[in-house]
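This report concerns only the one structure given below.
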Amino acid sequence: MRLHTALVIVAMLWTGSATRGQDSAVERKIDRVDRVRQWVEAVEQHEPGAADDSLLRVASWDRTTVWRVWIDVGTLVSLVRDPGIGVFYEPVEAEPFSGIFRAQVPRYRSRTISYGWDDVKRLKVIAKEIGAGGEDRLLKRGASLHADIVMLQASQPATQDPARRGRSSMFMVYMADGQQTGVDDGSFQWEMGRRLLDKVRPKGAPRNDPGADETVRLWYLASTAYMQALQQLDAWHIERAVQLFPRDPEILFMAACGREMFSGPQIQGVLATTTVSRDLFNLIGDEGDELGRAERLYRQSLERDPTRAEARIRLGRVLGRRGKHQDAIVELRRAAMEADIRVLQYYAHMFLGAEATALGLVDEAQSAYERASELFPWAQSPNMGISALAALAGNRGEAFSAIEPVLSSDDPALADDPWWTYYTSQARDLIDLVESLYTALAKAQ
Amino acid sequence: MKTALVSAMCAGAVLTATAQQPIFSSRVDAVRVDVLVKDRGQVVRGLGPQDFEVRDEGVLQEIDLVRLEQVPLNVVLGLDVSQSVNGERLDHLLTASNTLLDRLNGEDRAALLTFSHAVRLRQELTPDIPRVREALGAVVPQGQTSLVDGTSAAIALSGSDVGRSLLIVFSDGVDTSSFLSSDVVLQSARRADVVTYGVAVRSKINPKFLKELGELTGGSVFEIESTKDLSQTFLRILEEFRQRYLLSYTPRGVPSTGWHRLDVRLKGRRGTVSARAGYQAGR
């Protein structure tokens with residue numbers, strides 16, 4: 001899987017029905033059933049993780065088409081679950097976005113969909129083919145297909161034509177080095193995946209309950225890890241994940257990492273300078289807000305899985321950034337003992353060094369930085385810490401000699417520092433997470 | 001001259017190496033204070049020791065004035081070469097740096113340190129200015145910005161037993177990747193004997209760190225609209241630095257450790273004085 005490094009932030013913009021009525025009713029009646037059949041066939045034929053013809057076909061559809069497919073998939077699911085149903089509802093966002101609207105949960109109202117008799121008959125045929133119980137499998141495989149479109153980078157370039165945008169729109173602010181570098185129409189594939197999964201209903205359950213489904217959980221874990229690995233940040237995505245899985249330590253951990261990313265200087269720098277209205281990022285708070293959210297989520301994750309050393313390391317860092325140095329050092333001392341992966345040991349000792357410095361525990365700080373330096377000998381940051389300790393003690397010569405070797409290296413490969421990838425490090429198991437999702441989908445055949 | 005220029009400035013420089021319990025030595029206790037005097041925006045020249053009044057922790061000190069023409073400069077360039085400093089900005093930055101190097105005198109030394117997410121020591125302090133130019137020519141902008149880390153390293157680099165040290169830190173954006181906290185670096189800057197001038201491209205983000213650093217070290221911050229006139233800004237800093245006064249005194253009647261608040265004033269003259277806010281002696 002090829003990962004690109006563009007830094008993207010995604011904000012949701014609920015735009016109302018911008019394209020409603022653009023196409024003729026006749027065209028919609030004819031096309032929409034064929035289109036949803038194409039979608040069902042593509043979902044069935046798509047091999048998870050493969051850029052096959054099915055994936056490429058769906059990837060070529062624009063936002064409006066995908067949106068309409070989602071509505072008709074809803075109809076199909078209704079027909080599978082209740083073949084006698086005669087009235088179909090189209091969910092419509094009830095409240096358009098405004099600067100003061102803080103949408104914690106998108107709210108819908110419904111209106112009926114006017115299918116022709118022939119359309120209903122054809123839809124019933126498709127529903128029958130899906131079969132009772134098959135709709136959940138279809139929804140999950142469908143969500144996986146739309147995720148694959150993003151992860152395999154098969155998406156069509158986003159349209160700049162507002163007339164072609166669907167009713168639910170997103171935009172992306174591209175960033176580099178804490179500065180906005182561009183604004184574009186956003187990908188809708190993740191949104192489609194989320195909406196499909198919202199309809200998952202475990203067998204025998206009286207209502208939709210995607211939070212009870214393991215494959216849905218894996219989908220959110222893999223997609224969140226993917227977004228964080230590429231720094232394509234979508235606040236709503238992680239909020240929805242936590243809504244569905246409020247007691248899952250892995251989901252809580254990834255959500256906390258997302259919040260910690262939002263608190264970081266790259267995101268906050270862009271929010272301070274973006275040309276896009278700050279109100280549109282209403283799901284992202286300021287640094288203090290986001291650190292608070294991250295702390296809560298890390299704590300919740302640790303309550304459910306106290307052995308998660310990485311959560312403890314990050315909790316320690318967040319506490320330190322919030323000025324709670326005494327609490328931070330307690331967590332970091334423990335994490336430094338428990339961390340069993342080299343990069344995690346490195347982070348634990350680095351943050352321990354920083355907190356010990358803040359508390360004036362010079363020996364402990366020195367020792368922690370030296371241990372981090374042993375783990376990654378050419379990393380700059382441990383030497384920066386040691387140099388700062390010497391400078392604080394007024395030892396000018398040592399302040400310089402501590403950093404001179406690592407700053408003078410001409411070999412960039414030798415200068416690799418895990419600190420530079422801290423904000424994406426939690427997603428280092430992305431491939432495994434995606435494989436787990438594919439395995440779960442395969443088992444559901 | 002009472003105070004040898006090779007002395008390590010503020011008392012902190014004579015701490016022994018035991019980091020946990022630094023000990024203040026009374027062997028060397030000269031304090032130098034680099035001072036800029038302006039009146040209605042214009043640098044005031046030609047002042048003598050009789051024109052200044054220095055209070056260390058509120059205690060009036062007997063001062064001496066060092067003749068600046070005898071003191072070579074150590075000019076350290078700490079330059080942001082992150083991704084955002086690309087194209088025209090880089091051209092302006094290189095031109096400005098070379099223009100500044102052109103104006104250095106025979107005894108002066110220069111050094112170059114760059115920072116993106118990585119901090120790179122391109123050239124240590126050297127009187128061999130062409131080597132600094134050569135190092136400048138090898139700069140390729142990329143990555144994020146570690147302003148605080150870069151500044152910390154530049155301060156460490158600028159320490160010298162000879163001459164007066166000027167650190168010019170240029171950055172065009174927000175710090176996105178430093179490991180060190182600004183508090184730690186500002187605290188250590190109190191012990192350093194370097195006057196820091198920040199040059200920041202004006203944006204919605206307040207260059208708070210550079211401002212505080214300037215205030216602590218007796219320098220200042222220039223916020224520029226664009227890098228087009230960066231050469232003029234660098235030259236203005238150099239010129240201003242050359243026109244400063246170097247006051248020296250042996251502390252009397254004050255504790256030998258801790259933070260010493262400095263108050264430098266003019267006697268019987270109008271003008272504003274820029275000097276470091278204090279110095280750290282021992283712990």
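Hydrogens, waters and symmetry mates are skipped; everything else that's a heavy atom, side chains included, is used. A, B, ... follow the sequence lines: proteins, then strands. Residue 1 opens every chain.
Among all heavy-atom pairs drawn from A/Leu392 and B/Ser188, the shortest one is CD2-N, 3.7 Å. Nearest heavy-atom pair across B/Arg191 and A/Gly394 is CD-N, 3.4 Å. Of all heavy-atom pairs between A/Leu407 and B/Leu113, the closest is CD1-CD1, 4.2 Å. The minimum heavy-atom distance between A/Ser387 and B/Ala156, with the atom names listed, is OG-CB, 4.3 Å.
From B/Leu121, atom CG reaches atom CD1 of A/Ile403 across 8.0 Å, with rounding to the nearest 0.5 Å. The OG atom of B/Ser181 sits 11.5 Å away from atom CZ of A/Arg321, with the distance rounded to the nearest 0.5 Å. The structure places CG of B/Asp149 at 8.0 Å from CD of A/Gln380, a figure rounded to the nearest 0.5 Å. The distance from atom OG1 of B/Thr176 to atom CD of A/Gln268, rounded to the nearest 0.5 Å, is 13.0 Å.
Only the side chain of B/Glu124 has a heavy atom closer than 4.5 Å to any heavy atom of chain A. Of the atoms belonging to B/Ser116, not a single heavy atom falls under 4.5 Å from chain A. Contact of B/Leu157 with chain A is made through backbone and side chain together, with heavy-atom distances under 4.5 Å. Interface remark: B/Ile155 contributes no atoms to any contact with chain A (heavy atom separation under 4.5 Å).
Residue with the most contacts toward chain A among B/Gln187, B/His117, B/Arg122, B/Gln123: B/His117 (heavy-atom pairs, distance under 4.5 Å).
Listed for the A/Trp419 side chain is a donor-acceptor partner under 3.5 Å among the backbone atoms of B/Ser177.
No more than 12 heavy-atom neighbours from other residues, nucleotides or ligands sit within 6.0 angstrom of CD on A/Gln326.
In this structure, A/Phe351 and B/Phe179 have parallel ring planes: the angle between them is below the 30° cut-off, well short of the 60° mark.
Using a 4.5 Å heavy-atom cutoff, the side chains of A/Pro265 and B/Asp175 are not in contact.
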